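Here's the structure we're looking at; comments come further down.
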Amino acid sequence: MAIKVSLPDGSVKNYDAPVKIIDIANEISPRLADASICGELDGKLVDMDHVIDHDSALVLHTFKTDTGKDVYWHSTAHLMAQAVKQLYPEVKVTIGPAIEQGFYYDFDRDQPFTDEELVLIENRMKELSAAGHKYSRRELTKPEAMEIFRQMGEDYKLEILAEIPDTDTISTYTQGDFIDLCRGPHIGDTSKIKAIKLLKTSGAYWRGDEKNKMLRRIYGISFPSNKELNEYLLFLEEAKKRDHRKLGKDLDLFSINDDIGPGLVLWHPNGAMIRHLIESYWKEEHLRKGYKLVYTPHVGRSKLWETSGHLGFYSENMYAPMQIDEQEYYIKPMNCPFHIAIYNANHHSYRELPMRLGELGTVYRYERSGVLHGLMRVRGFTQDDAHIICTPEQMDEEVEKLIVFSLDMLKQFGFKDFLIYLSTRPEGSVGEVEDWDKATNSLRMSMEKLGLDYQVDEGGGAFYGPKIDIKIKDALGRAWQCTTIQFDFNEPTRFDMNYIGPDNSPHRPYMIHRAVLGSVERFFATLLEYHAGNLPLWLAPVQIMVIPITDNQMEYGKLLVEKLQLLGYRTEIDTRGEKIGYKIRDAELKKIPFMFVIGKNEETEAKVTLRQHTKGDLGAMSFDEAIKAIREQQ
RNA sequence: GCCGAUGUAGCUCAAAGGUAGAGCAAUUGAUUUGUAAUCAAUAGGUUGGGGGUUCAAUUCCCUUCAUCGGCUCCA
């Protein structure tokens, strides 16, 4: 009997008899064997003590791969459940997966876990890790598994088991006195988990449904070494520093005032300047891309929202109506009915399409109090909204243009990494399945053509159409949706939108809702976090600070300010009677991109000393040289 | 909305059942300074709001609002 095992480097190992993966790893190098977390056999994840009995392709995963981390953290979740069960036997276990940064486990327990208890659990985990319990897999039938968990009184496991097909093989993993229903794979034994930190607790609904019981969730993370854990904790500290809420306060960009209301943003002059620059750029780019800008009211009669359907499907997010002349008006949660009204104000020929109507439209939506989050999630925000009304034939081209446009614009702001999602038809959708398929295909084909990586969210579309979403991550790695491109098979019909075709008869156009930045507020927040507040020159509210060393250079300084302002630079001068170090520190803390430091020497030689934020002194030079240097640096 | 934590001066934080303190910022004065904090003085708070217990509450209790971390939902 000969077994061939091929490895990722192309080499092939031959064995006369079935062989364990751990033995193969050891053969390659004991260090690799030690670092290996699990194996991937012909694409299927298996334990390190899995026996290979036929020709296969083997990949070994260490903590360096995403899969390796996933398995490692999942195993740590089991370890945590073991510790919790030992300390609190009355607690029922539910599920405990790995997540992007660590793991969690949900427990059913009446009282919450306190910070002190977290420390106890963490310490017990360390003891259990030191004991080196082996994770051992056992395969069994469904009735056998049911019996085990019934005896243990683990109701949630029984509920999960009940949903697994009777014919499937069930597996359990046991380490020490703890047994859990689990597909696996797992690390070899608990001693591989060297550094553990339980981070936070929270409530979480069983199966994520708020109708279900709320469970107690514990989040944690683990690493093969203390060094890596400390690095991670340092990362969390650093991330706090680039939180847009902190930067917004430090740089005096915006505030949210209790007396005005939660989720309602006040833009201070510095933040307003940045927003103005973003919006100006946005308008220019849209005009360049053939969009028409429009403005629409903030409220509309109830009839409008009846026609659009919002009162039916979106009322939960809408504020109560106000009475004007005994008529009910609603503050707008979306801009689309208004844009449609503009379209419908005239008859349109197919020759006018595609029509692209764009607006920085401020909308108000009721968000549940627990979800508000700085500028990321607010109750009043401005969407960079546009509606593209086109013929079915124009759809493919429009979608492709849109994706390119969106990515280009995001890149202009410095973003490089995106998460792209395609969401398809959900249950209870409106419109013809045929239209849905066409539109979904159009979205898919465009992304394929552009060679974009994307994930499909089956059934995740809105009820009125499929969509593409582009998300950007914040300082802590949480993803926020910015760009959204959504088909709408609902409103064109409801508002009876038409265009006259070449056949001289009316046709229903396709309509696409789209926002590139998403909302200006959220985009601004991600932008701030992405740059850690160090905005590129073109977006900095103050670009150059002139810093005279003594009052004697004040006149020369004011002259420089005038010259810089004439060139279009946003410039200020620090006239305070402070020492140079103080003024420089202040400008650095305000993250102003450039400083002109001027003393007696500079004035007599008609020069300036240029200093760049975070980079330091660039030396003395003429005004023109300084401008040249600024242009080159950015 | 749900689970948990938090709320003290503009900011960052301290104190404590006997009536609140520091640093920075601010204001004023002095200093005229060479690349990340000059010195001094002054001013600043019904300790988020309301209610209760108490001789006395900022501290203990209740309630409400907001914030933070999650869940759910979404731009």
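In the text below, chain A, chain B and the rest are named by the order of the sequence lines, each starting its count at 1. Side chains are part of it too, since the values below use all heavy atoms of this structure and drop only hydrogens, waters and symmetry mates. Since the model is a prediction, treat every value here as computed from it, not as a measurement.
- Considering only side-chain atoms of A/L589, the nucleotide from B/rA36, B/rA66, B/rG1 that sits closest is B/rA36.
- With distances taken from any side-chain atom of A/S202 to the nucleotides B/rU33, B/rC73, B/rG70, the minimum falls on B/rG70.
- Across all strands, A/E602 comes closer than 4.0 Å to base atoms (heavy-atom distances).
- Residue contacts shown for A/E316 are absent, as no nucleic acid heavy atom lies under 4.0 Å away.
- With a cut-off of 3.5 Å on both pairing distances, B/rU33 has no Watson-Crick or G-U wobble partner at all.
- Looking at A/D209 and A/R207, no side-chain N of the basic residue comes within less than 4.0 Å of a carboxylate O on the acidic one, giving no salt bridge.
- Using a 4.0 Å heavy-atom criterion, one finds that A/G370 contacts the bases of the nucleic acid, with or without backbone contacts as well.
- Comparing B/rU19 with B/rU33, their C1' atoms sit 45 Å apart, to the nearest whole Å.
- Atom P of nucleotide B/rU12 and atom NZ of A/K241 are separated by 15 Å, given to the nearest angstrom.
- Heavy atoms of A/F113 sit nowhere under 4.0 angstrom from any nucleic acid atom.
- Between A/L215 atom CG and B/rU72 atom P there is a gap of 11 Å when expressed in whole angstrom units.
- Using a 4.0 Å cut-off between charged side-chain N and carboxylate O, A/K471 and A/D469 make no salt bridge.
- Between the P atom of B/rG70 and the OH atom of A/Y205 lies a distance of 15 Å, rounded to the nearest Å.
- Side-chain atoms of A/N552 lie closest to B/rU32 of the nucleotides B/rU32, B/rA36, B/rG69.
- With contacts defined as side-chain heavy-atom distances shorter than 4.5 Å, the pair A/E529/A/M376 qualifies.
- Whole-Å rounding puts the A/E117 CD to B/rG4 P distance at 13 Å.
- At a threshold of 4.0 angstrom between heavy atoms, the contacts of A/R522 include nucleobase atoms, whether or not backbone atoms are also involved.
- Candidate nucleotides B/rA75, B/rA26, B/rU67 were compared by shortest atom distance to the side chain of A/P262, and B/rU67 ranks first.
- Residue contacts shown for A/G374 are limited to sugar-phosphate atoms, with no base heavy atom under 4.0 Å away.
- Side-chain proximity of A/R611 to the nucleotides B/rA36, B/rG69, B/rG34 is greatest for B/rA36.
- Across every strand in view, B/rA66 sits in a pair with B/rU6 that passes the Watson-Crick or G-U test at under 3.5 angstrom.
- Taking a cutoff of 4.0 Å between a charged side-chain nitrogen and a carboxylate oxygen, A/R275 and A/E279 qualify as a salt bridge.
- The gap from the P atom of B/rC60 to that of B/rA26 amounts to 35 Å, rounded to the nearest Å.
- Listed by chain and number, the residues in a ring-ring contact (aromatic ring centres under 6.0 Å, His included) with A/Y281 are A/F413, A/W538 (sequence neighbours excluded).
- A salt bridge links A/R217 with A/D106: the closest approach of a Lys/Arg side-chain nitrogen to an acidic carboxylate oxygen falls below 4.0 angstrom.
- Atom P of B/rA56 sits at a distance of 12 Å from the matching atom of B/rG52, rounded to the whole Å.
- At a threshold of 4.0 angstrom between heavy atoms, the contacts of A/R379 with the nucleic acid are absent.
- Using N1 to N3 plus N6-O4 or O6-N4 for Watson-Crick, or N1-O2 and O6-N3 for G-U wobble, each under 3.5 Å, B/rC55 pairs with B/rG18.
- Rounded to the nearest Å, the gap between the C1' atom of B/rG1 and that of B/rU42 is 49 Å.
- You won't find any donor-acceptor pair under 3.5 Å spanning the side chain of A/R585 and the base of B/rU35, going by distance alone.
- A/V378 comes within 4.0 angstrom of a base, heavy atoms only.
- Using a 30° and 60° split on the angle between ring planes, A/F113 and A/F107 fall in the perpendicular class, above 60°.
- Rounded to whole Å, atom C1' of B/rU6 lies 14 Å from atom CG of A/D258.
- One can place CG of A/D586 at 12 Å from C1' of B/rC24, the figure rounded to the nearest angstrom.
- Residue A/T609 is classed as a base contact, given a heavy-atom separation below 4.0 Å to a base.
- Across all strands shown, A/K600 has heavy atoms under 4.0 Å from base atoms, whether or not it also approaches the sugar-phosphate.
- A/E588 comes within 4.0 angstrom of a nucleotide base, judged by non-hydrogen atoms across all strands.
- One can place NZ of A/K579 at 8 Å from P of B/rC39, the figure rounded to the nearest angstrom.
- A 4.5 Å side-chain heavy-atom check between A/Y464 and A/S429 finds every atom pair outside the cut-off.
- Nucleic acid contact for A/G203: base, since at least one base atom lies under 4.0 Å from a heavy atom of the residue.
- Comparing B/rU72, B/rA37, B/rU35 by their nearest atom to the side chain of A/D617 picks out B/rU35.
- Taking atom P on both B/rU46 and B/rU59, the two are 16 Å apart, rounded to the nearest angstrom.
- Closest to the side chain of A/R377, from the set B/rC2, B/rG69, B/rC74, is B/rC74.
- Taking atom CD1 on A/I549 and atom C1' on B/rU31, their separation rounds to 16 Å, with Å as the unit.
- Figure legend. B/rA43 is base-paired to no nucleotide; pairs are counted as Watson-Crick or G-U wobble with both atom distances under 3.5 Å.
- Within the 4.0 angstrom heavy-atom criterion, base atoms lie near A/G577.
- Nucleotides B/rC73 and B/rG17, compared at atom P, are 46 Å apart to the nearest Å.
- With B/rG69, B/rG1, B/rA36 as the choices, the nucleotide that has an atom nearest any side-chain atom of A/K200 turns out to be B/rG69.
- Closest approach to the A/R216 side chain among B/rG4, B/rG70, B/rA36 is made by B/rG4 (side chain taken as heavy atoms from C-beta onward).
- For B/rA75, the base has a donor-acceptor partner in the side chain of A/E367 [N/O atoms by modelled type, under 3.5 angstrom].
- Remark: B/rG1 base-pairs with B/rC71; criterion is Watson-Crick or G-U wobble with both hydrogen-bond distances under 3.5 Å.
- Across the P atoms, B/rA15 and B/rC3 are found 30 Å apart, a figure rounded to whole Å.
- Under the ring-ring contact (aromatic ring centres under 6.0 Å, His included) rule, A/F523 has a single partner from A/Y530, A/W282, A/F415, A/F381, which is A/F415.
- Here the separation of B/rG7 from B/rC39, taken at their P atoms, is 32 Å to the nearest Å.
- For A/V371, taking side-chain heavy atoms from C-beta onward, the closest of the listed nucleotides B/rG1, B/rU12, B/rA75 is B/rG1.
- A/K591 and A/D250 are not joined by a salt bridge, as no carboxylate oxygen comes within less than 4.0 angstrom of a charged side-chain nitrogen.
- The aromatic ring of A/Y582 does not sit over the base of B/rA36; the criterion of centres under 5.5 Å apart with planes under 30° is not met.
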